[in-house]
Amino acid sequence: MSDAGSSFLAAAQERGFIHQCTDRDALAAKLAAGPVTAYIGFDCTADSLHVGSLLQIMLLRLWQKTGNKPIVLMGGGTTKVGDPSGKDESRKLLTDDDIAVNMAGIRRIFDKFLTFGDGKTDAVMTDNALWLDKLAYIPFLRDFGRHFSVNQMLGRDSVKMRLEREQPLSFLEFNYMILQAYDFVELARRHDCIMQMGGSDQWGNIVGGVELGRRVDDRALFGVTSPLITTASGAKMGKTAAGAVWLNAERLSAYDYWQFWRNTEDADVGRFLRLFTELPLAEIAQLEKLDGAGINDAKAILANEATALCHGKEAAAAAAETARKVFAEGGIGEELPVYATEATKLADGIPVIDLLCLAQLVVSKSEARRQIRQRSVRINNQLVADDKMTLTLINLTSDGFIKLSVGKKSHALIRPS
């Protein structure tokens, strides 16, 4: 597997995954010698990860596919502390039960992207609470805290930005970078893990772990970061008007996930195909050349490929068929999200603005009114002109639903229960 292993850096570079790397030549030599173990950490702040974490998941997948061993580190311990990187305020503290529920939800995502097992390149999942929960404070400070300079810690972007904005940074959060560095050392000791990967906002924390491994164990450790992804218009990746783009189907349907990728900005299609699908680069280069109506075909391919990885090929095909029926035929697709409302309430009449909010097509009643005034809202494909309109059972289609649409791309079904 050494040839496959040594190809990781080249493949990752070509597809746009690499932003920074510590001692690239030495890392390349390690990769050429055989399977190497690397990890990425994921804190358990919700019961699903969202698209903002997908680049890191795809990086672990590429790591495994090029003949190396990935470790998924669940932050059962560090979630109790909170990573200040990229945050303007302290994270809400979660209970142990909250963290356990969130971890169970996150675990299911990785089964779709990685192969777990006992083989040389099979993925491993572990939890940093296994060692962090057992730390004795004074011995930890003496053995590891002495290797960290407060001067350098204050200079890290995650800390400096909070201080410059005069936003509070608790001593609890200030410890996060030390604990993350210690995670790296523990994984090196337990699993011979020599590399940590993460987003570019983690560079300081990763370098801290590389340095700690050298100081306490005389280990050669490595770090690689990937670029933080924003859209061509400058928006943060994975945020929409309706909220986060979750990776678990319980949080976001396969159809809505497919639709998110289909709505990619034209300028982002090639980059997202390289990062979030496994299409050959030559094929992506051809898709990038498309323009006009052709770019929509490329977006559909992006949506199909990305959805198949996360939700399976059948779900991706069903989502694509629903989109075809909804957009090409103006009909009702089987995969559109369905929201239930009580039949007795619908019999009495429910304001259209309330149903738009229920279906999560708008974030507020004021936005619903604005969309109606802008002539963007349709009920069963008919334009809504009055924001005081009330819907009743008479508005049900022959299929037993009310179809709500905002613009050309956002649709949902209401059914009585």
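Between S48 and E250, the closest side-chain pair of non-hydrogen atoms is not below 4.5 Å. Side-chain contact check for W131 versus L187: some heavy-atom pair is nearer than 4.5 Å. Using a 4.5 Å heavy-atom cutoff, the side chains of I301 and V269 are not in contact. Between C310 and F113 the shortest side-chain heavy-atom distance falls below 4.5 Å. Using a 4.5 Å cut-off on side-chain heavy atoms (C-beta onward), R370 and V362 make no contact. Side-chain atoms of Q64 and T115, non-hydrogen and from C-beta on, do get closer than 4.5 Å to each other. Looking at heavy atoms from C-beta onward, Y182 lies out of side-chain contact with D143 at the 4.5 angstrom threshold. Between L212 and L221 there is no side-chain heavy-atom pair separated by less than 4.5 Å.
In terms of modelled atom types and a separation under 3.5 Å, the side chain of N128 and the main chain of G76 share a donor-acceptor contact. Although no hydrogens or angles enter the test, the distance criterion places no donor-acceptor pair under 3.5 Å between the side chain of R142 and the main chain of I138. With hydrogens and angles disregarded, a donor-acceptor distance shorter than 3.5 Å links the side chain of R15 to the backbone of T277. Judged purely by atom type and a 3.5 angstrom limit, E283 has no side-chain atom pairing as donor or acceptor with the backbone of L279. At least one donor-acceptor pair closer than 3.5 Å links the side chain of D127 to the backbone N or O of A129. Listed for the H50 side chain is a donor-acceptor partner under 3.5 Å among the backbone atoms of G52. The backbone N or O of R369 sits nowhere less than 3.5 Å from a side-chain atom of D387 that would complete a donor-acceptor pair. A donor-acceptor pair under 3.5 Å is absent between the side-chain atoms of D47 and the main chain of N102, judged by distance alone. Side chain of K65 to backbone of F8: no donor-acceptor contact under 3.5 angstrom is found. Side-chain N or O atoms of K403 include none that pairs as donor or acceptor with a backbone N or O of L413 at under 3.5 Å.
With sequence neighbours left out, the salt bridge (Lys or Arg N to Asp or Glu O under 4.0 Å) criterion links E278 to R61. Residues meeting the salt bridge (Lys or Arg N to Asp or Glu O under 4.0 Å) test with K299, sequence neighbours left out: D266. Residues passing the side-chain hydrogen bond (donor to acceptor under 3.5 Å, both in side chains) test with D268, sequence neighbours excluded: R271. For E288, the salt bridge (Lys or Arg N to Asp or Glu O under 4.0 Å) test picks out R274, with sequence neighbours left out.
Taking a 6.0 Å sphere around NZ of K365, one finds it holds 12 or fewer heavy atoms contributed by other residues, nucleotides or ligands. Heavy-atom contacts from other residues, nucleotides or ligands closer than 6.0 Å to CG of D192 number 12 or fewer.
Closest heavy-atom contact between R262 and A303: N-CB, 3.8 Å. Here the closest non-hydrogen pair linking W258 and T307 is CA-OG1, 3.3 Å. Contact between P227 and H19 at its shortest, heavy atoms only, is N-CB, 3.6 Å. Between M177 and F148, the closest heavy-atom pair is O-CE2, 4.5 Å. Of all heavy-atom pairs between D122 and K69, the closest is O-NZ, 2.7 Å. Listed here is the closest heavy atom pair of T66 and N68: O-ND2, 3.4 Å.
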Determine whether L179 and F140 satisfy the following criterion, side-chain contact (heavy atoms from CB on, under 4.5 Å), listing intermediate values before the conclusion.
CA-CA 10 Å; L179 297 179; F140 179 71; 4.1 Å; yes
The test is side-chain contact (heavy atoms from CB on, under 4.5 Å); show your working for F116 and L114 and say whether it passes.
CA-CA 6 Å; F116 289 85; L114 300 174; 3.9 Å; yes
Could you walk me through whether V245 and L54 pass the side-chain contact (heavy atoms from CB on, under 4.5 Å) check?
CA-CA 10 Å; V245 181; L54 185 58; over 6 Å; no
Could you walk me through whether L361 and L355 satisfy the side-chain contact (heavy atoms from CB on, under 4.5 Å) test, starting with their C-alpha distance in whole Å, then the side-chain angles of each, then the deciding distance to 0.1 Å, before giving a yes or no?
CA-CA 9 Å; L361 296 175; L355 290 177; over 6 Å; no
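Judged by distance alone, the side chains of W261 and N304 never bring a donor and an acceptor atom under 3.5 Å apart. T225 and Q202 form no side-chain donor-acceptor contact under 3.5 Å, judged by distance and modelled atom types alone.
Distance check, rounded to the nearest 0.5 Å: CZ of F17 to CE of M58 gives 5.5 Å. To the nearest 0.5 Å, atom CD1 of residue I206 and atom CD of residue Q20 are 8.5 Å apart. Note that OG of S200 is 13.0 Å distant from CD1 of I18, once rounded to the nearest 0.5 Å. Rounding to the nearest 0.5 Å gives a distance of 8.5 Å between CE of M74 and OG1 of T79. Expressed to the nearest 0.5 Å, how far CD1 of I414 lies from CG of N395 amounts to 11.5 Å. One distance of note links CG of L302 with OG1 of T264; it measures 4.5 Å at 0.5 Å rounding.
Pairs of residues two or more places apart, or lying in two chains, never qualify as salt bridge (Lys or Arg N to Asp or Glu O under 4.0 Å) while including a residue from residues 300-320.
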Throw together a table of side-chain donor-acceptor distances under 3.5 angstrom for residues 26-42, partners on residues two or more places apart or in other chains.
from : atom 1 : to   : atom 2 : distance (Å)
Y39  : OH     : Q196 : OE1    : 3.3
Y39  : OH     : Q196 : NE2    : 3.1

